*Asks:* 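Dropping the structure in here first, questions after.
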Amino acid sequence: MEPWTVVSATAAPLRSDNVDTDQIIPARYLTAVTQEGMGDGCFAAWRYLPNGSLNPEFVLNQDCYQGSAILVGGTNFGSGSSREHAVWALMQFGFKVVIAHTFADIFYNNALKNSLLPIPLDREIIEIVWSVIEEDPETKLLVDLETQVVILPDGQQHSFEIEAFRKRCLLQGLDDMGYLLAQEEAISNFELSHS
Amino acid sequence: MGKTLFEKIWANHVVADEPGAPTILYIDAHLIHEVTSPQAFAEIRNRKLAVRCPERTFATMDHAIPTREIPLWPEDAAMQVNTLRQNCKDFGVTLWDIEGDVQGIVHVVAPEMGVTQPGMTIVCGDSHTSTHGAFGSLAFGIGTSEVGHVLASQCLMQSKPKSFAINVEGELGLGVTAKDIILAIIAANGASGGTGHVFEYRGETIQKLSMANRMTICNMSIEGGARAGLIAPDETTYEYLRGRPFAPSGNDWDRAMAAWQELATDDDAEFDRSFGLDVTDLAPMVTYGTNPGMGGPVTGTVPRLEDMESPQQRQDLAQALDYMGLTPGQPMEGQQVDIVFIGSCTNSRLEDLQAAAKIVKGQKVADHVEALVVPGSKAIKAAAEAEGLDRVFTEAGFEWRGSGCSMCLAMNDDKAGAGKYVASTSNRNFQGRQGPGSRSLLMSPLMAAAAAVSGQIVDVRAMLR
Ligand code: SF4
């Protein structure tokens, strides 16, 4: 994995709670045996009209939010299915960070495993961020993982929580697999004492 | 202070607990299917690794497969299934193939085969792995990266969730089922009420439930946002397990039983949170919205925007009702349905089909309704056929299908059309879950059967009196 650095980018507001992984990537896009090609299906039911053309009403189709690398959602973002395809889809669509009030557990874990940074913030702060990026879609948010803050252009700083271990993995670009394989001895010992 | 059941199982599986790092948790059984495993196997191949414990890994095919006889499979489903076959062959993993006698929805087949046992840790690249908690195991869904981790190391790195007691008391009325209990729990606590927690369902009402019913409840723990849901094992659990292919036998059985007796929450244990439900007056439940928390009694009405507490809830309800084409304040009863789906890992077991068949027997599916029954596994299908349930359903006008996920997630060709109302025994009413534009109304098998013959939502209790 690429080590995570600072992200400074525009952000798109997704004013909905309980955005589930079936919305992020509908089941009919899960037919691949690789990770590729998920970006097309990202928010498919909201992005496309039934005739296949882009839905101009949907926020991610609006010109001003093209190229946003930060998505700002509400409560219980990523609920539902465990499909990691949802994370792959968001990343292939161009997102590096998802800020939300709360996240569903499995989505949160899946995001970290792929270096898509999930940032939980208080509801009031989410409301503020939504207003700011709606008023001026050019607004760039600065996300600094090292110091665990999201900085708005007016200087507002909002700190966020992340487990120290997870943070270190992201900053150093480490994944769990290497860590787990290095535990071979402990795993074998466990198996011996539990069989 | 005593320990909860969840804490005991957790403690029994800690391989390492270094400060500043997540716990390394040993996984006893790993279930896989065709949709969320291919990328994980690819990762294993890339890194030139082996599957560490093929004997603890069990695969079946359920999500993408067709459930009707079709001469030619869609290319992508065939590709996923063949990839799974190849992976299982190359890495020595047991596969319950659609070509064999044992196959079905992963969360239906594993318990049937006796793989699911009390005290185990069980994972699967599927959020409804919580189903297996019905046996007093700690079972949860994982993403594809983690599927790879378990394949390679038989372990996961996990932060310990908190505990959440769900106490259920009271006698269920006629026509009110386990599905109604869990829908009521989720309606009360919301779709994210359990985030970061493991539910333990407790109380007399739970203890009286059969294994099939317990599985229905644990299955939908994830719809309440919980990481997992479990129920302490008891005689009902042991009775179900005895003699199943992968269950211990002989001396091993006695040894296992001795260990299983320890699997209960201590009297002086404390839960981080708790919730109580008295089911004495519980009515059959139906959802009206686009997340599983948006449900209420069939005797009730669709909520009004002004009943909502926050502006965001008002907006979410407005969006949901707009999508669902329902009017605030309209009675749930009398809402027309177009399709009836009886199936899914929530409600496709023999008991579910028997219950639905009782309502359907001698009746006809309403003219405008398309109805299908999709048994959870080949074994259930065969058992139902031996009882003549298939004829009860087909004579009434239902389609009788092969086993799989089918219209629960609409990956195969079982899709509800845009705008169609689906009375469904599955677990998710998300927008488009059962086909682009489809509108799901979640309910019990009894209620779905009643909707099929009535053509609309009705209170099934009136048909049972
Ligand atoms: S039946 Fe539905 S919920 Fe269950 S495993 Fe299949 S797709 Fe998932």
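Predicted model, so just to flag it, every value in this text is computed and none were measured. Convention: sequence-line order gives letters A, B, ...; per-chain numbering from 1.
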*Asks:* Do you know which of D22(A), N109(A), T75(A) has the most heavy-atom pairs under 4.5 Å to chain B?
*Replies:*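 Highest number of heavy-atom pairs under 4.5 Å: D22(A).
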*Asks:* Do I187(A) and S153(B) have side-chain heavy atoms sitting under 4.5 Å apart?
*Replies:*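 Counting from C-beta outward, I187(A) and S153(B) do come under 4.5 Å.
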*Asks:* Please name the pair of heavy atoms, one in S82(A) and one in S127(B), separated by the smallest distance, quoted to 0.1 Å.
*Replies:*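 That would be OG-N, 3.4 Å.
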*Asks:* Determine the option with the most heavy-atom pairs under 4.5 angstrom with chain B, choosing from R83(A), E184(A), R166(A), E127(A).
*Replies:*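 Of R83(A), E184(A), R166(A), E127(A), E184(A) has the most heavy-atom pairs under 4.5 Å with chain B.
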*Asks:* Tell me if a side-chain donor or acceptor on D105(A) pairs with a main-chain N or O of T195(B) at a distance below 3.5 Å.
*Replies:*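 Checked: no pair found.
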*Asks:* Go through G74(A), A186(A), C169(A), S81(A) and name the one with the most non-hydrogen pairs under 4.5 angstrom from chain B.
*Replies:*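 Among G74(A), A186(A), C169(A), S81(A), the one with the most close pairs to chain B is S81(A).
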*Asks:* From the options V150(B), V15(B), I24(B), select the one residue that forms a side-chain contact (heavy atoms from CB on, under 4.5 Å) with L180(A).
*Replies:* I24(B)
*Asks:* Is the shortest side-chain heavy-atom distance between Q183(A) and E18(B) below 4.5 Å?
*Replies:*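 Of all side-chain heavy-atom pairs linking E18(B) with Q183(A), at least one is under 4.5 Å.
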*Asks:* Determine whether Q431(B) and P26(A) make a side-chain contact, defined as any pair of heavy atoms from C-beta on separated by less than 4.5 Å.
*Replies:*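 Not touching, per the 4.5 Å side-chain cut-off.
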*Asks:* Sort I44(B) into side chain, backbone, both or neither according to what part of it lies under 4.5 angstrom from a heavy atom of chain A.
*Replies:* side chain
*Asks:* Which answer fits Q434(B), side chain, backbone, both or neither, if we ask what part of it has an atom under 4.5 Å from a heavy atom of chain A?
*Replies:* neither
*Asks:* Mind ranking Q158(B), Q313(B), R428(B), E146(B) by heavy-atom pairs under 4.5 Å with chain A and telling me who comes out on top?
*Replies:* R428(B)
*Asks:* Are S145(B) and N114(A) packed together at the side-chain level, in the sense that at least one heavy-atom pair is separated by less than 4.5 angstrom?
*Replies:* yes
*Asks:* When heavy-atom pairs shorter than 4.5 Å are enumerated against chain A, which of S37(B), A152(B), S192(B) gives the highest number?
*Replies:* S192(B)
*Asks:* Let me know if F190(A) has heavy atoms under 4.5 Å from chain B in its side chain, its backbone, both or neither.
*Replies:*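 It is the side chain, since no backbone atom gets that close.
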*Asks:* Between E84(A) and G125(B) (side chain of the first, backbone of the second, donor and acceptor by atom type, cut-off under 3.5 Å), is there such a pair?
*Replies:*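 Here the side-chain-to-backbone pair does not exist.
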*Asks:* Looking at side-chain heavy atoms only, is the closest gap between L181(A) and L49(B) below 4.5 Å?
*Replies:*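 Yes, side chains in contact.
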*Asks:* For chain B, which of H194(A), H85(A), R168(A) has the most heavy-atom pairs under 4.5 Å?
*Replies:* H85(A)
*Asks:* Is the shortest distance from a Lys or Arg side-chain nitrogen in E191(A) or R56(B) to a carboxylate oxygen in the other one below 4.0 Å?
*Replies:* no
*Asks:* Tell me, side chain or backbone of I222(B) under 4.5 Å from chain A's heavy atoms, or both, or neither?
*Replies:* side chain
*Asks:* May I ask you to name which of V87(A), L30(A), D17(A) has the most heavy-atom pairs under 4.5 Å with chain B?
*Replies:* D17(A)
*Asks:* In terms of heavy-atom proximity below 4.5 Å to chain A, should N12(B) be classed as side chain, backbone, both, or neither?
*Replies:*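 It is the backbone, since no side chain atom gets that close.
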*Asks:* For the candidates A104(A), A164(A), S16(A), G80(A), which exhibits the highest count of non-hydrogen atom pairs separated by less than 4.5 Å from chain B?
*Replies:* G80(A)
